[in-house]
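Take a look at the structure set out below.
Numbering of ligands and ligand atoms starts at 1, following listing order. Predicted model, so just to flag it, every value in this text is computed and none were measured. Residues take their numbers from the sequence shown, with the count starting at 1.
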Amino acid sequence: MNPIGFFDSGVGGTSIWKEVVQLLPFENSIYLSDSRNAPYGEKPIQEIVALSKKNTEKLIAMGCKIVVVACNTATTNAIQILRDTYPIPIIGIEPAIKPAALKSKTKSIGILATKGTLSSELFHKTSELYSENIAITEVIGNGLVALIEEGKQNSEEIKISLRRLLKPMLDAKIDYLVLGCSHYPYLLPVLTELLPEQVTIIDSGEAVARQTKNVLEDHELRSSNKEISQHLLYSNSNPAVLGNLINAENHSNWKVEYLDF
Ligand code: DGL
């Protein structure tokens, strides 16, 4: 059965991939970690679009029936072009501003994302819908993706960065922190340690998984397979970091390999 394709600038999109695999256990998948080109968040739009097309074309060539752009930066800068260019359904991921804005009691929320996401038109359009009634503190997560790509998501170095990045949000009395980058769910243990209890952290993983299921059903693309599924994860730079991050050795049907793409 044709797989679901995923790509991200690196290892972080596996936070989305995991949610989809959990919700759709009989679907095969292919994940492309473009770690050689990470981070995308600092790159000009044209480069983000070109990399997103390269990854999508590779996934289509590998037989994927649908592509999940497991990267906020690629989604907010390139999704429309991908949808206009390729004939298969393309799912994107955006920072979960809406649920945070609707649930916030302090009327103050924080968004941690890359420069590429926070400066995109798509992000501005969404945040404008809520900024009248809610204070939104946007912070660029400078340096975080690079550290996670090195497997340093629990390091003292990342804690020092996060303390500095979270300060303006805490000063603004946020009660919701939106993780607007698919790498950041891997910071949950450290974030939970650094944030006061009254701050709720939200990401978009579950919503993307539900959306993927709905789109597959709408297009009659659900797998009829009832056997154990196969998951192939490729990195063009550091398969060891990718494998460690997802504990691949504990899953015989998850293969992590180097691939030049
Ligand atoms: N995981 C990507 C995202 O969701 C990271 C972007 C980057 O490479 O800077 O935005």
Are the side chain of S15 and the backbone of S182 linked by a donor-acceptor contact shorter than 3.5 Å?
yes
Would the distance check show the side chain of Y31 and the main-chain N or O of T14 forming a donor-acceptor pair, the cut-off being under 3.5 Å?
yes
I148 with L195, same ILVMFWY side-chain cluster at under 4.5 Å
yes
State yes or no: do I30 and I66 share one hydrophobic cluster built from I, L, V, M, F, W and Y residues joined by side-chain heavy-atom distances below 4.5 Å, directly or via other members?
no
Among all protein heavy atoms in this structure, tell me which lies nearest to atom 7 (C) of ligand 1, with the distance rounded to 0.1 Å.
Y40 N, 3.2 Å
List the closest protein heavy-atom neighbour of atom 9 (O) of ligand 1: residue, atom name, distance to the nearest 0.1 Å.
G41 N, 2.7 Å
Do any N/O atoms on [X] end up under 3.5 angstrom from N/O atoms on ligand 1?
{"X": "G180", "result": "no"}
{"X": "S9", "result": "yes"}
{"X": "T114", "result": "no"}

Indicate whether any N or O donor in one side chain lies under 3.5 Å from an N or O acceptor in the other, for D34 and Y40.
yes
Before accepting this row, confirm whether a basic side-chain N of the pair [X]/[Y] lies closer than 4.0 Å to the acidic partner's carboxylate O.
{"X": "K103", "Y": "D175", "answer": "no"}
{"X": "K159", "Y": "E193", "answer": "yes"}
{"X": "E57", "Y": "K53", "answer": "no"}

For C71, state whether at least one heavy atom is located under 4.0 Å from any atom of ligand 1.
yes
Check each heavy atom of N72 against ligand 1 and say whether those closer than 4.0 Å belong to the side chain, the backbone, both or neither.
both
Specify side chain, backbone, both or neither for T73, according to which of its non-hydrogen atoms lie closer than 4.0 Å to ligand 1.
both
For D8, counting its heavy atoms only, list the atoms of ligand 1 lying under 4.0 Å from any of them.
1 (N), 2 (C)
Please list, in number order, the atoms of ligand 1 under 4.0 Å from a heavy atom of P39.
7 (C), 8 (O), 9 (O)
Residue selection (non-hydrogen contact nearest atom 4 (O) of ligand 1) among A38, G141, P95, S182
S182
